[in-house]
Amino acid sequence: MSSFEPGGEAASIVSVTDRVKPVELGMNVTAVHYLGDRAVFVGTEESVAFVDPEGVMTKVEVVGGGILSAVSDGSRIVIGSDDGKVVAVDGKGAVTALATDPKRRWIDNVAVHTDGSVAWSVGKTAFVRSPKGEEKSLEVPSTVGGLAFAPKGLRLAIAHYNGATLWFPNMAGTPEFLAWAGSHLAVSFSPDNKFLVTAMHEPALHGWRLADGKHMRMTGYPSRVRSMAWGAGGRFLATSGADMVIMWPFVGKDGPMGKEPAMLAPLQAKVTAVACHPKQDILAAGYEDGTVLMVRMHDGAEILVRRNGTPPVVALAWNAGGTWLAFSDEAGGAGLLKV
């Protein structure tokens, strides 16, 4: 396996760095999403930057304050801000206000459903707004750490301290509580709707098999997991948090229980962001030293997309067809690659 020396370059590794179209965004970045074939880089303050395949950039002011959360369904990006607003921006750059917190409290988390529903959280309360504008809310035991809609049915997972709550906003029944001690942050359903996984404040993941609530403990990380992505078909969950990409297998009814993860693309720097190709067993990984690699999952073969020597990579995204990859470091040094 190839490795990097501090300040040096990779040896014996295919490089496509000369094919990358560099983009200087001029703003700090927290995320990137694709709307069609335009990459949309989400800034930390007020604006997003649309960048087309030729590298032409257009900035759009979406909120009046800091951007705290952003998520996309492929047709729009939903954003939560520290001035209490939830807005959506579409592929043409049109901004639509979805909700405003009456007390202008921070919108810590957002989520979108395939039916057009939107969820957001303020403190201990999660809200869901239907496409018709109907709004419902649920208070959980502690501050919401993360939100995610299930891939099937209108079910919202709410991560918080000591577990996660599963809520059907359109049903009158009591929400289901999945308990596990500790602070639960980012949350994600597996694409087959069989598992729920949270990234914890400690350096670990926790999961539940939804059929029976059986626990899945995924540990061994040297630092907190801040990025995770499901591989095509949901057979693997790729994660940051170590000096290599940790890939947990989710094949069969037991998921990763009793199985060892695959460990790909080791470097002398921690992985900070991961993004899985939408159709093939390929992933992109960004590192704290600015390196970006593409990695083939079955044999670990690597392609160098960006050399080290920049601020940490914080954002990676593929377009829907998997033909373009966008990335950015936290300072706004970005690039586009046609794959």
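All heavy atoms count here, side chains included; hydrogens, waters and symmetry mates do not.
Ion pairing between Asp281 and Arg235 holds under the 4.0 Å rule for side-chain N and carboxylate O. Salt-bridge annotation for Arg306 and Asp329: present, with a side-chain N of the basic residue lying under 4.0 Å from a carboxylate O of the acidic one. Using a 4.0 Å cut-off between charged nitrogen and carboxylate oxygen, Glu202 and Arg217 count as a salt-bridge pair.
Across all non-hydrogen atoms, the minimal contact from Arg76 to Asp73 is N-OD1, 3.0 Å. Smallest separation of non-hydrogen atoms from Ala97 and Val87: CA-CG1, 4.2 Å. Residue Arg155 comes nearest to Phe168 through the heavy atom pair CD-CZ, 3.3 Å, listed as atom of the first residue, atom of the second, then distance.
Side-chain atoms of Thr143 and His160 form no donor-acceptor pair, as typed in the model, at a separation below 3.5 Å. Asn109 and Ser69 share no side-chain donor-acceptor pair at under 3.5 Å. For the 3.5 Å distance criterion, the side chains of Thr291 and Arg307 fail to qualify, holding no donor opposite an acceptor. Using modelled atom types and a 3.5 Å distance limit, the side chains of Ser190 and Trp230 yield no donor-acceptor pair. For the residue pair Thr239 and Tyr221, a side-chain donor N or O sits within less than 3.5 Å of a side-chain acceptor on the partner.
Contact annotation: the side chain of Leu156 approaches that of Val128 to within less than 4.5 Å [non-hydrogen atoms, C-beta and beyond]. You'll find the side chain of Leu337 stays beyond 4.5 Å of the side chain of Lys21, heavy atoms only.
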| message | Trp324 vs Val339, test: side chain to side chain contact (heavy atoms under 4.5 Å, CB included). Steps then yes/no. | response | CA-CA 6 Å; Trp324 284 92; Val339 180; over 6 Å; no

| said: Applying side chain to side chain contact (heavy atoms under 4.5 Å, CB included) to Val78 and Val89, what does each step give before you reach the verdict? | reply: CA-CA 7 Å; Val78 175; Val89 56; over 6 Å; no

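Under a 3.5 Å cut-off, the side chain of Ser72 and the backbone N or O of Gly74 do form a donor-acceptor pair. Of the possible polar contacts, one joining the Thr272 side chain to the Gly286 backbone as a donor-acceptor pair under 3.5 Å is found. Proximity of a side-chain donor or acceptor of Asp243 to a complementary backbone N or O of Gln268 within less than 3.5 Å is not detected.
When the salt bridge (charged side-chain N to carboxylate O under 4.0 Å, His left out) test is applied to Arg105, the partners found at least two apart in sequence or on another chain are Asp101.
Taking the six-membered ring where the residue is Trp, Trp208 and His184 present tilted rings, their angle falling between 30° and 60°.
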